[in-house]
Peer 1: 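This is the structure I have questions about; it appears just below.
Please read these numbers as outputs of a predicted model, since none were measured by experiment.
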Amino acid sequence: MKLTIGHLYPDLLNLYGDRGNIQCLMKRCQWRGIEAETIAFELNDTIDFSGLDIVLLGGGSDREQMLVCEKLRELQGAFKAYVENNGVVIAICGGYQLLGNYYKTDQGMIKGLELVNMHTEQQEGRLISNIVLKSDLFDMPVVGFENHGGRTYIGNNQPLGKVLYGSGNDGQTGYEGVVYKNVIGTYLHGPLLPKNPQLADWLITQALRRKYGEDLELEPLDDTQEKEANDYIYRRFVK
């Protein structure tokens, strides 16, 4: 078995340790004997989404997001088709905001990719905190760090989780992130996946099932250290 991970524009969208997320996905595949490769795409590269099994869209400044979104708008049709065909996407912070219809900032409107029916608006003050979620997708809590000025409104879409500690999407609803088909968008970084092996394995599992069959299950790994790191954050801020 083999998975190909597309890392979109790491030279521009890598504020929050996104390369750590790539390394985590690669190692968790390799430890199981699953061949994995990562293709890093720069701004002027052609992207063939049909050749990708997981897509990572990271975070950047508003200026960098605008540059990236202008380019991705040219690929919107192909990206949308990939998503609707159950393509696996993990989008973090700025990348999460780009999934939606628009991001309204002080500098103007960034038109989003319209992959998920949601939107973001910049408001006064930043939401900065460690954050802990309870997600219906996992038995373990989801932990990370948030630092965002945008407030994201996901409408009727499924959130990634309920906030146990922190602010979440908008600091008011008590929910964080979004799940749409095989797309996860979230403000959590740090990087996200090394502290949340359950989320990393969800992405890998969905990609393998899409490619090789629905009955596929991952071989368990010894996640003692990862679970200890996750549990430390949970106990420090929730219990």
Side-chain angles (χ1 to χ4, degrees), residues 5-9 13-18 21-22 24-25 49 52 54-60 62 64-65 68-69 72-73 75-76 79-80 82-105 110-122 127 131-138 142-163 166-171 173-193 195-196 198-200 202-204 206-207:
I5 304 166
H7 191 178
L8 304 193
Y9 316 126
L13 300 181
N14 192 41
L15 276 183
Y16 302 116
D18 294 313
N21 290 320
I22 291 290
C24 180
L25 289 170
F49 288 96
L52 302 179
I54 301 175
V55 171
L56 186 142
L57 191 58
D62 290 349
E64 290 163 335
Q65 283 180 238
V68 165
C69 202
L72 282 175
R73 289 295 304 174
L75 307 170
Q76 195 270 348
F79 203 169
K80 180 72 171 177
Y82 171 81
V83 166
E84 293 301 318
N85 193 33
N86 295 314
V88 179
V89 178
I90 177 70
I92 296 170
C93 206
Y96 171 33
Q97 294 167 344
L98 292 180
L99 295 178
N101 301 325
Y102 64 84
Y103 176 25
K104 191 175 184 180
T105 75
I110 299 176
K111 187 172 175 58
L113 298 174
E114 300 177 332
L115 303 180
V116 182
N117 186 20
M118 64 184 205
H119 68 277
T120 301
E121 297 182 8
Q122 186 176 351
L127 303 178
I131 181 167
V132 181
L133 312 178
K134 175 65 180 77
S135 175
D136 290 340
L137 295 179
F138 316 113
V142 179
V143 303
F145 190 82
E146 60 179 335
N147 181 355
H148 53 102
R151 274 59 165 177
T152 296
Y153 303 94
I154 66 170
N156 294 324
N157 289 298
Q158 176 186 346
L160 174 59
K162 179 177 176 58
V163 177
S167 297
N169 284 332
D170 56 16
T173 60
Y175 292 98
E176 202 286 327
V178 73
V179 179
Y180 175 74
K181 291 183 176 285
N182 283 336
V183 175
I184 288 182
T186 178
Y187 278 114
L188 275 64
H189 49 80
L192 171 68
L193 298 183
K195 289 179 287 189
N196 296 283
Q198 74 283 21
L199 202 161
W202 185 91
L203 297 169
I204 294 168
Q206 299 308 112

Peer 1: Within the structure provided, determine whether Gln198 and Val142 are in side-chain contact (heavy-atom separation under 4.5 Å).
Peer 2: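 The answer is yes, as the side chains (C-beta and beyond) meet within the 4.5 Å cut-off.
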
Peer 1: Mind checking the CD1-OH spacing from Ile110 to Tyr102? Nearest 0.5 Å is all I need.
Peer 2: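 Reported value, rounded in 0.5 Å steps: 13.0 Å.
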
Peer 1: If every non-hydrogen atom of Asn147 is compared with every non-hydrogen atom of His189, which pair is closest and at what distance?
Peer 2: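 Nearest heavy atoms, Asn147 then His189: N-NE2, 3.7 Å.
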
Peer 1: Quick check: closest heavy atoms across Leu25 and Ala200, and the distance to 0.1 Å?
Peer 2: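 Closest heavy-atom pair between Leu25 and Ala200: CD2-O, 3.8 Å.
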
Peer 1: Okay, side chain of Asn182, backbone of Leu203: is any donor-acceptor separation there less than 3.5 Å?
Peer 2: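 No: the side chain of Asn182 does not pair with the backbone of Leu203.
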
Peer 1: Can you pull the side chain to side chain donor-acceptor pair (under 3.5 Å) pairs that have at least one residue in residues 153-163, sequence neighbours excluded?
Peer 2: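 Non-adjacent pairs meeting side chain to side chain donor-acceptor pair (under 3.5 Å): Gln123-Tyr153.
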
Peer 1: Got a sec, which residues hit side chain to side chain donor-acceptor pair (under 3.5 Å) with Ser135, two or more places apart in sequence or on another chain?
Peer 2: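 Side chain to side chain donor-acceptor pair (under 3.5 Å) check on Ser135 returns nothing, list empty.
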
Peer 1: Could you give me the CA-CA distance, side-chain angles and deciding distance for Lys181 and Val116, then say whether side-chain contact (heavy atoms from CB on, under 4.5 Å) is met?
Peer 2: CA-CA 10 Å; Lys181 291 183 176 285; Val116 182; over 6 Å; no

Peer 1: In Å, rounded to the nearest 0.5 Å, how long is the span from CG of Leu57 to CG of Leu113?
Peer 2: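 If we round to the nearest 0.5 Å, Leu57:CG and Leu113:CG are 7.0 Å apart.
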
Peer 1: Which value, rounded to the nearest 0.5 Å, describes the distance between Asn21 atom CG and Leu56 atom CG?
Peer 2: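 These two atoms lie 6.0 Å from each other.
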
Peer 1: Minimum heavy-atom separation for Val178 and Met118, please, with both atom names.
Peer 2: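 Shortest heavy-atom contact: CG1-SD, 4.0 Å.
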
Peer 1: Could you report the tightest heavy-atom contact between Leu192 and Val143, atom names first, then the distance?
Peer 2: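 Smallest heavy-atom distance, with atoms named: CD1-O, 3.9 Å.
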
Peer 1: Checking Leu115 against Val89 for the side-chain contact (heavy atoms from CB on, under 4.5 Å) test, could you report, in this order, the C-alpha distance in whole Å, the side-chain angles of both residues, the deciding distance, and whether it holds?
Peer 2: CA-CA 11 Å; Leu115 303 180; Val89 178; over 6 Å; no

Peer 1: Once rounded to the nearest 0.5 Å, what's the spacing between atom NZ of Lys134 and atom CG of Leu160?
Peer 2: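 If we round to the nearest 0.5 Å, Lys134:NZ and Leu160:CG are 11.0 Å apart.
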
Peer 1: Which of these passes side chain to side chain contact (heavy atoms under 4.5 Å, CB included) with Arg151: Asn169, Leu127, Thr173?
Peer 2: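 Answer to the side chain to side chain contact (heavy atoms under 4.5 Å, CB included) test with Arg151 among Asn169, Leu127, Thr173: Leu127.
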
Peer 1: According to side-chain contact (heavy atoms from CB on, under 4.5 Å), who are the partners of Phe49, at least two apart in sequence or on a separate chain?
Peer 2: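 Counting only residues at least two positions away or on another chain, Phe49 forms a side-chain contact (heavy atoms from CB on, under 4.5 Å) with Ile47, Leu52, Val55, Leu75, Ala78, Phe79, Tyr82.
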
Peer 1: Within this structure, what is the CD1-CG distance for the pair Ile204 and Leu193, rounded to the nearest 0.5 Å?
Peer 2: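 Atom-to-atom, Ile204:CD1 and Leu193:CG are 8.5 Å apart.
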
Peer 1: Please report the shortest heavy-atom distance between Gly168 and Val163, naming the atom on each side.
Peer 2: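 Between these two residues, the closest heavy atoms are CA-CG2, 3.9 Å.
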
Peer 1: Could you give the distance from CG (Leu133) to OH (Tyr187), rounded to the nearest 0.5 Å?
Peer 2: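 Answer for the CG-OH pair, Leu133 versus Tyr187, is 13.5 Å.
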
Peer 1: When you check the side-chain N and O atoms of Thr186 and Glu176, is any donor under 3.5 Å from an acceptor?
Peer 2: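 The answer is yes; a qualifying pair exists.
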
Peer 1: Pair Val179, Asp136 - check side-chain contact (heavy atoms from CB on, under 4.5 Å), show working.
Peer 2: CA-CA 11 Å; Val179 179; Asp136 290 340; over 6 Å; no

Peer 1: Donor-acceptor pair, Glu146 side chain versus Ser167 backbone, under 3.5 Å?
Peer 2: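 Here the side-chain-to-backbone pair exists.
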
Peer 1: Going by the rule salt bridge (Lys or Arg N to Asp or Glu O under 4.0 Å), which residues pair with Lys111 if we only count those two or more places apart in sequence or in a different chain?
Peer 2: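 Expected list: Glu114.
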
Peer 1: Please list, chain by chain and in numerical order, all residues satisfying side chain to side chain donor-acceptor pair (under 3.5 Å) with Asn117, sequence neighbours excluded.
Peer 2: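 Counting only residues at least two positions away or on another chain, Asn117 forms a side chain to side chain donor-acceptor pair (under 3.5 Å) with Asn101.
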
Peer 1: Which residues satisfy the salt bridge (Lys or Arg N to Asp or Glu O under 4.0 Å) test with Lys80, sequence neighbours excluded?
Peer 2: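 Expected list: Glu84.
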
Peer 1: Verify, without hydrogens or angle tests, whether His148 (side chain) and Gln122 (backbone) share a donor-acceptor contact under 3.5 angstrom.
Peer 2: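 No: the side chain of His148 does not pair with the backbone of Gln122.
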
Peer 1: Would you name the heavy atoms of Tyr175 and Pro159 that are closest together and state the gap between them?
Peer 2: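 Closest pair (atom of Tyr175, atom of Pro159, distance): CD2-CG, 3.6 Å.
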
Peer 1: Please determine whether side-chain contact (heavy atoms from CB on, under 4.5 Å) holds for the pair Leu8 and Leu72, giving the CA-CA distance in whole Å, both sets of side-chain angles, and the decisive distance to 0.1 Å.
Peer 2: CA-CA 10 Å; Leu8 304 193; Leu72 282 175; 4.3 Å; yes

